[in-house]
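Heads up, the thing below is written out as structure tokens.
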2 protein chains.
Amino acid sequence: MSNVINSPERVAPETLARVQAEIDRLGFRPSRAAQSLKQERAGAWGLELNSAGFGRLGAILDIFLIELTTGAAERGSHVVPFTAADSAAPLPAYERLVASRVADGFVLTDTRRDDPRPAWLEAHHVPYAAFGRVWDDPGITSWVDVDGASGVEAAVHHLAGQGYERIGYLGWPEGSPVGDDRRSGWVRATTDLGLANPEWQARSTQSLPSACRAAAGLLDLLGRGAAIVCASDTLALGAWRVLLERGLEPGVDIGLVCFDDTDIAEALDLSSLHQPLDRVADRVLHLLATGPDPRDPAGGLLLPPELVVRSSSKPAGNRTTRKEK
Amino acid sequence: MSNVINSPERVAPETLARVQAEIDRLGFRPSRAAQSLKQERAGAWGLELNSAGFGRLGAILDIFLIELTTGAAERGSHVVPFTAADSAAPLPAYERLVASRVADGFVLTDTRRDDPRPAWLEAHHVPYAAFGRVWDDPGITSWVDVDGASGVEAAVHHLAGQGYERIGYLGWPEGSPVGDDRRSGWVRATTDLGLANPEWQARSTQSLPSACRAAAGLLDLLGRGAAIVCASDTLALGAWRVLLERGLEPGVDIGLVCFDDTDIAEALDLSSLHQPLDRVADRVLHLLATGPDPRDPAGGLLLPPELVVRSSSKPAGNRTTRKEK
DNA sequence: TTGTATGCGTTATCAG
DNA sequence: CTGATAACGCATACAA
């Protein structure tokens, strides 16, 4: 009797033991397909893998996928990755999974302005939760994101605490919501600290040559003894390269803090803002399971990143000892 | 009638059109759960995400996952990622998916010596195919791998063709099957070309400081004008760093070719051996669908990587022009 | 408290 | 060639 499995409290202890023994002996495990059919839910969440977010330098989505997979398993469900044939028009791929009832809902990543997915999912009453703000509609609260502004702010305060007085910012071109958010943290923190100088910033796309050019220009402006906060680990790689080419040592001649804390930051021993992907995954799964909390009309959840201090932002004491060449 | 969907040739053209019209009108799509139940197959392949292979510097498995997902979708199935609670003892996680019939079989990655998975899967008659050789048992042919030896060999020949005469090798410590395989390509090629020198090699683990130390030692040995083949992009990053620190330019003062062709190689503009992950995924899915070919007892499939030439291995002509400092 | 029957949405079989 | 029907394995409601 399946009561033993699903409501053990409704069954006599003695029969429970007997049936349980049989279950163990036979190695019985319920079939997901039959369960899904009966319960009319797949027990799986779809996750679109788009090449914009995956497999790129400084990608963190692979880690997020691991966290999501683990978290889903703990809640008795699965993650079904899928790709859209045309990444500019992903809706058909979502529609397929919904229509064949392979996924009960979706985890959105790489949310952007004019993202067609939230509206479509809302219209079709498909549950979803986003890693990344839903920028188009403040009324939508089914998202979790990392607070880029407060992260960069913390980085600036950290650098100021280490004794840096000229703190520049190497970010993305204006217009990307994530980039603008991170930059605002730099503006706020330098203003608060009385270190503001709107000149001390440079913009670069996520390509290394571009990052190197931007970093070089910024370094010319700032000079030795300054610090730079980078909007991503890729930008930091560019900055790091320019430092090396100029014979400058990160954390000694120039302070460096970057965002994302990918393997690159770790490998290069760069201080970085670590995104709490385990907590993001946990909250996303929670949202998916319960739906957005109607008592909380304020919006989604903003998680602060954690600053991981490495040698690229050494305290002032260490910096005084110049390394012999 | 479902004959229209599953065997349209057995149905009168007129009824077919009529029923098809209804299907389109109603937007009917078969439910995967019901199909799975009826056909007694999940239509999904399990893929273990272990933190050894994912989210690490120079990881290519995220790209492989995309290829696998796309390929599976083309064949009407899905990929179900999962993690093992204890990555040293992954079998229970496999067992769960089999028992609840969530996955019909598995794609193995990160195969290693004394890997318990192939034997277990064979014993339980669970279909599987590996990306990476099954090292323990030459009788097992259900794998696809990239031919590291021939790849490195091609890299050495390429460098020799560019005019390099001292070609060193920066690899992993002895004992890893993949590393030994790649190294053997260097030995073979340098021997064939009469450029062999067993001294010209260094060994390093996949950490940047270690790679830098090893690369520095190797460079001391080889001197300017030599070339280095690296067993991975991470090792190449170490070599690249040492070059920069010494004021040497890759492709001008030192030739550099690495393995894996990850985002790092692309960002640093390093020549690299590109693994044909799309073809690997395709063959793995083919193996899964058909089982290993009994007419081919010779073993699995070895695909040659493709050398992507970038600025770090410029032809000799370009090298003659020394850059002004 | 325990056992039994029904139906979830398919596909395959079989009688018409 | 077509339409009806049983069975896949489970959960649930209901009868015993």
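Every heavy atom of this structure was used, including side-chain atoms; hydrogens, water molecules and symmetry mates were not. Predicted, not measured: the structure shown is a model, and the values here were computed from it.
For B:Thr15, the side-chain atoms get nearest to D:dC1 when compared with the rest of C:dG9, D:dC1, D:dA11.
Listed by chain and number, the residues in a side-chain hydrogen bond (donor to acceptor under 3.5 Å, both in side chains) with A:Ser232 are A:Gln206 (sequence neighbours excluded). With sequence neighbours excluded, the residues forming a ring pair (Phe, Tyr, Trp, His ring centres under 6.0 Å) with B:His124 are B:Trp120, listed by chain and number. In this view, A:Glu122 and A:Tyr128, A:Ile140 satisfy the side chain to side chain contact (heavy atoms under 4.5 Å, CB included) rule, not counting sequence neighbours. Contacts of A:Phe64 classified as ring pair (Phe, Tyr, Trp, His ring centres under 6.0 Å), with partners at least two apart in sequence or in another chain: A:Phe131. Taking the side-chain hydrogen bond (donor to acceptor under 3.5 Å, both in side chains) definition, one finds that A:Arg101 meets it with nothing, sequence neighbours left out. Here B:Leu303 pairs with B:Val144, B:Pro276, B:Arg279, B:Val280, B:Leu301 under the side chain to side chain contact (heavy atoms under 4.5 Å, CB included) rule; sequence neighbours left out. Legend: residues meeting side chain to side chain contact (heavy atoms under 4.5 Å, CB included) with B:Leu97, ordered by chain and number and at least two apart, are A:His78, B:Phe82, B:Val102, B:Ala103, B:Phe106.
Using a 4.0 Å cut-off between a side-chain N of Lys or Arg and a carboxylate O of Asp or Glu, B:Arg112 and B:Asp114 do not qualify as a salt bridge.
Using a 4.0 Å cutoff on non-hydrogen atoms, the parts of residues 25-34 of chain B near DNA chain C are B:Phe28, B:Arg29, B:Pro30, B:Ser31, B:Ala34, ordered by number.
Summary of helix geometry: the two end axes of the helix from C:dG3-D:dC14 to C:dG16-D:dC1, each defined by five base pairs via their C1' atoms, are inclined to each other by 50° (rounded to 10°).
Distances shorter than 4.0 Å separate none of the side-chain N or O atoms of B:Gln35 from OP1 or OP2 on C:dG9. OP1 or OP2 of C:dT2 has not a single side-chain nitrogen or oxygen of A:Arg18 nearer than 4.0 Å.
For a distance-only test at 3.5 Å, the side chain of B:Lys38 fails to qualify as a donor-acceptor partner of the base of C:dA12.
Remark: C1' of C:dT10 and CZ of B:Arg41 are 14 Å apart, rounded to the nearest angstrom. Summarising the geometry, the separation between CD on B:Gln20 and C1' on D:dT2 is reported as 17 Å, rounded to the nearest angstrom. Straight-line distance from the CZ atom of B:Arg101 to the C1' atom of D:dG9: 8 Å, rounded to whole Å. In this structure, B:Glu22 places its CD atom 13 Å from P of D:dG3, rounding to the nearest Å. For the pair A:Leu16 CG and C:dG3 P, the computed distance is 12 Å after rounding to whole Å. Atom P of nucleotide D:dA7 and atom CD of B:Gln39 are separated by 18 Å, given to the nearest angstrom.
Both B:Ala12 and B:Leu37 lie close to DNA chain D; mapped to their nearest nucleotides by heavy-atom distance, the more 5′-ward contact belongs to B:Ala12.
Side-chain N or O atoms of B:Asp145 include none that pairs as donor or acceptor with a backbone N or O of B:Leu302 at under 3.5 Å.
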